[in-house]
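Quick notes on the structure that follows.
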Amino acid sequence: MQPLIDHARTFGQRPEEFARLAAGQSPEVLFITCSDSRVVPALITGARPGQLFELRTAGDIVPPYDSAHPSGEAATIEYAVEVLGVRDIVVCGHSHCGAVGALVRGDDLDAVPAVRDWLAGATPRPRGPAEDPCVAAAVQSHVLTQLLRLRSYPCVERRLAAGSLALHGWYYEVHTGAVLAHRPHSDTFTAL
Ligand code: ZN
């Protein structure tokens, strides 16, 4: 923890870079990814403060839209799309994902009931070879499921229909730093 505190103490010593941020934010991208500490969106993309609006969840799961049950995830997505007017949404899964791995293996999660119940919402379950430590195939299919779920949000569907929003599926390799993107025409993930 101490190195993180030390860095935070000096981070704000560049007022010329940060002063303009007081005027507001206008990020172009909503970046949805896993809470995993190995995935650092700003490092991957080179984004500076104000460029990425982020939603991080266990297993980068996007809950289906349900207006009867407000959630922080839905609020974040709606705010990004309706208020901030982001033009792109990236759902970025990653290799070695603990959440997707647990789903693929069918792990017993009774000791962590909140995790168990959250992951139970990941339907259809990601599928792929459980013996692959990267769980690459499973994560990639899982990312596509989350993109479909985004379309269940009225604000997303509206902006897609208007042609003012684009969805992107990414797969990040934590052990190489490589990023693959889903190519809809071939339905494959290839190098970005
Ligand atoms: Zn993960």
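Read the numbers this way: they start at 1 and go in the same order the structure lists the ligands and their atoms.
- In this structure, the separation between CG on Leu144 and NE2 on His182 is 4.5 Å, given to the nearest 0.5 Å.
- Excluding waters, the protein N/O/S atoms found under 2.8 Å from the Zn ion (ligand 1) are Cys34 SG, His94 NE2, Cys97 SG.
- For CZ of Arg183, the number of neighbouring non-hydrogen atoms (other residues, nucleotides, ligands) closer than 6.0 Å is greater than 12.
- Between Trp118 and Thr57 there is a side-chain heavy-atom pair separated by less than 4.5 Å.
- Atoms NE2 and CG, on His94 and Asp60 in that order, are 6.5 Å from each other to the nearest 0.5 Å.
- Hydrophobic clustering, with ILVMFWY side chains joined whenever heavy atoms are under 4.5 angstrom apart, keeps Phe31 apart from Leu84.
- Within a 6.0 Å sphere centred on CD of Glu28, heavy atoms belonging to other residues, nucleotides or ligands number 12 at most.
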